[in-house]
Amino acid sequence: MPELPEVETVRRALALKLPGRRIEAVRGRRARMRRLLDPPALARSLAGRRLALPRRRGKYLLLDTEDGGALLIHLGMSGHLQLVSPGRPVEPHTHLAIRLDDGRELRLTDPRRFGFAAFLPRGAEAADPSLAGLGPDALDDAIEGWLPPLLKARRAPLKALLLDQRLVAGLGNIYATEALFRAGIRPSRPGNATSSTRLRRLAGSVRNVLLDALSAGGTTLRDHLSPDGTPGYFQVELDAYGRAGLPCRRCGALLHTARIAGRSTVWCPSCQR
DNA sequence: CCAGTATCCTGCAGGC
DNA sequence: TGCCTGCAGGATACTG
């Protein structure tokens with residue numbers, strides 16, 4: 001479930017370690033992931049390159065190399081990265097290991113293989129199928145300006161719209177659910193049946209819930225990529241997600257659950273209209 | 001174009 | 001205890 005805050009936390013951790021490091025070797029076996037993982041091809045593109053500051057777009061991580069290329073990584077649902085010494089035992093489902101010139105190894109582990117890692121040569125980013133259609137980042141501080149009109153123009157449930165990465169990039173099931181709770185809006189409500197005022201409130205809630213998660217993650221930043229590295233999900237206090245049947249923290253009513261947009265969704269029938 | 005559903009994959013929880 | 005089913009999730013192919 002790495003969503004934007006989790007990916008951003010990983011990015012910040014990597015930003016402390018990767019810039020200036022040279023890639024010495026790439027290991028792994030070909031594997032069917034979201035895209036075919038081809039470690040030998042990655043080795044040909046990456047070996048000998050120095051890394052720059054990593055970037056993030058939505059839930060995608062871009063490990064830039066100094067020659068203008070980038071390793072594009074998506075963690076899917078079950079993926080995580082670890083930066084460890086090469087001698088450490090390799091976790092099951094580790095598909096890729098990148099050895100750096102400081103003796104450490106960056107490992108991609110992903111049991112469900114919904115994630116991937118692929119090399120983008122210089123100039124290929126704009127045309128990449130995953131990145132080309134991506135909407136503006138959900139952390140954009142102008143989100144209250146551009147998101148409401150996009151939602152207003154659609155009749156799908158707001159929950160489905162928030163999960164659409166072409167509209168806004170970075171939200172997954174957890175934070176979409178939480179943002180709707182904070183805004184007091186029912187997840188099933190169609191975008192075009194919601195007032196602009198409430199859509200602005202929703203956009204603000206999106207940003208706030210992500211910032212809160214990010215600051216919660218910041219406190220445990222060190223754990224994310226430590227040698228003992230837990231993959232690092234936040235212990236954020238969630239109001240709705242995972243609390244079906246429990247009392248609403250705000251009003252005490254029992255939280256409802258249903259599948260909306262193919263995802264389990266939780267909301268308060270009293271607070272959220 | 002738009003909305004909704006199936007699909008990929010593994011681990012785990014729950015039912016019987 | 002062990003088997004089976006269903007769910008979890010992100011992106012995308014597909015259908016209507």
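Quick note on labels: first sequence line is chain A, next is B, and so on, each numbered from 1. Everything numeric in this text was worked out from a predicted model, so none of it was measured.
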*Which part of the nucleic acid does A:P92 contact within heavy-atom distance under 4.0 Å: base, sugar-phosphate only, or nothing?*
nothing
_Nearest-nucleotide pick for A:A156, side chain only, options being B:dG4, C:dA8, C:dA11_ = B:dG4
*asked:* Students often get this wrong, so: under 4.0 angstrom with heavy atoms, is A:R259 touching a base, only sugar-phosphate, or nothing?
replied: sugar-phosphate
_Quick test of your reading: applying side-chain hydrogen bond (donor to acceptor under 3.5 Å, both in side chains), list the pairs with at least one residue in residues 32-42 of chain A, sequence neighbours left out, ordered by first then second residue._
A:R30-A:D38, A:R35-A:D128, A:R35-A:S130
*Pick out which of A:R99, A:R49, A:R50 makes a salt bridge (Lys or Arg N to Asp or Glu O under 4.0 Å) with A:E24.*
A:R99
*With sequence neighbours left out, what residues match A:R57 under side-chain contact (heavy atoms from CB on, under 4.5 Å)?*
A:L62, A:E125, A:L131, A:L134
_Atom-pair distance (NE2 on A:H74; P on C:dT12), nearest Å_ = 8 Å
_Which residue lies more 5' along DNA chain B, comparing A:H93 with A:A153 via nearest heavy atoms_ = A:A153
*asked:* Without decimals, in angstroms, what is the distance between A:Q165 CD and C:dA11 P?
replied: 4 Å
*Atom CE of A:M33 and atom P of C:dT12: how far apart are they, to the nearest Å?*
14 Å
*Just checking, any donor-acceptor pair under 3.5 angstrom between side chains of A:Y60 and A:Q165?*
no
*Provide, to the nearest angstrom, the distance between the CZ atom belonging to A:R57 and the C1' atom belonging to C:dA11.*
15 Å
Just the atom pairs and distances: protein N or O near nucleotides 5-9 of chain B's N or O, under 3.5 Å.
{"unit_1": "B:dC9", "atom_1": "O3'", "unit_2": "A:R113", "atom_2": "NH2", "d": "2.9"}

*asked:* Between C1' on B:dA3 and CG on A:L163, what's the gap in Å once rounded to a whole number?
replied: 14 Å
*Take the protein atom CD1 of A:I73 and the nucleotide atom C1' of C:dA11, then report the distance between them rounded to whole Å.*
17 Å
*Whole Å only: how far is the CG atom of A:N173 from the C1' atom of C:dA8?*
9 Å
_Measure CG/A:L167 against C1'/B:dC2 and give the value in whole Å, please._
11 Å
*Flag the pair A:D102 and A:K17 as a salt bridge only when some basic side-chain nitrogen lies within less than 4.0 angstrom of an acidic carboxylate oxygen.*
no
*Are A:E8 and A:R12 within salt-bridge range, i.e. N to O under 4.0 Å?*
yes
*Under 4.0 Å: is that the gap between some side-chain N or O of A:S130 and OP1 or OP2 of C:dT12?*
yes
*So does A:E144 pair up with A:R200, basic N to acidic O under 4.0 Å?*
no
*Touch check for A:Y60, heavy atoms < 4.0 angstrom, all strands: base, sugar-phosphate only, or nothing?*
sugar-phosphate
